[in-house]
Amino acid sequence: MTISRSMGLDPILERLGREGASLLEAEAMRAVLAEDFAGRSLDSLSEDEWLRALGRMEAVKQTGNAGMK
C-alpha cells in the first residue's frame with residue numbers, strides 16, 4: 001500500500017495492532033505517515049521510521065496537529 005492522505009486505514013490498523021488501535025490513532029498515524037513518507041510503500045518503512053512516526057502519532061492525538069516535526 002502506497003502511503004498517502006487518502007490511503008485506507010486497514011493496513012495502518014494491521015501494523016498498529018488491530019485489537020489495540022483505535023480509528024483515531026489510525027487516522028493520526030495516516031496523517032503523520034503522509035507528511036513524512038508520502039509515495040513510499042507502508043511495508044518499506046524500517047522499524048526505526050515506524051517508531052518515530054508512532055511517537056509523532058501520539059503527539060498528534062494530543063494536539064490534533066500533524067505538522068509537528
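The first residue in the sequence is number 1, and the count goes up from there. Note: hydrogens, waters and symmetry copies are ignored here, and every other heavy atom, side chains too, is used. These numbers were taken from a predicted model, which means no experiment stands behind them.
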Non-hydrogen atoms of A34 and S4 that approach each other most closely | CB-C, 3.8 Å
Test applied, side chain to side chain contact (heavy atoms under 4.5 Å, CB included); reference residue, L9; option that passes from R30, M29, E25, E14 = R30
Partner set under side-chain contact (heavy atoms from CB on, under 4.5 Å) for D43, not counting sequence neighbours = S41
Which heavy atom in A21 sits nearest to a heavy atom in L16, and how many Å separate them?
-> CB-CB, 3.7 Å
Would you check if the side chain of R15 reaches a backbone N or O of L42 as a donor-acceptor pair within less than 3.5 Å?
-> yes
Is L51 linked to I3 within one hydrophobic cluster, defined over Ile, Leu, Val, Met, Phe, Trp and Tyr using a side-chain heavy-atom separation of less than 4.5 Å?
-> yes
Shortest non-hydrogen separation from G8 to M1 and the atoms involved | N-SD, 4.2 Å
Any residue meeting side-chain contact (heavy atoms from CB on, under 4.5 Å) with E49, in chain and number order, not counting sequence neighbours | F37, R40, L45, S46, R52
Looking only at heavy atoms, which two atoms of S22 and L13 are closest? And how far apart?
-> O-CD2, 3.8 Å
Any link between I12 and L54 through a network of hydrophobic side chains (Ile, Leu, Val, Met, Phe, Trp, Tyr) touching at under 4.5 Å?
-> yes
Where do M57 and L33 land on the side-chain contact (heavy atoms from CB on, under 4.5 Å) test, with the steps shown first?
-> CA-CA 9 Å; M57 180 268 295; L33 293 171; over 6 Å; no
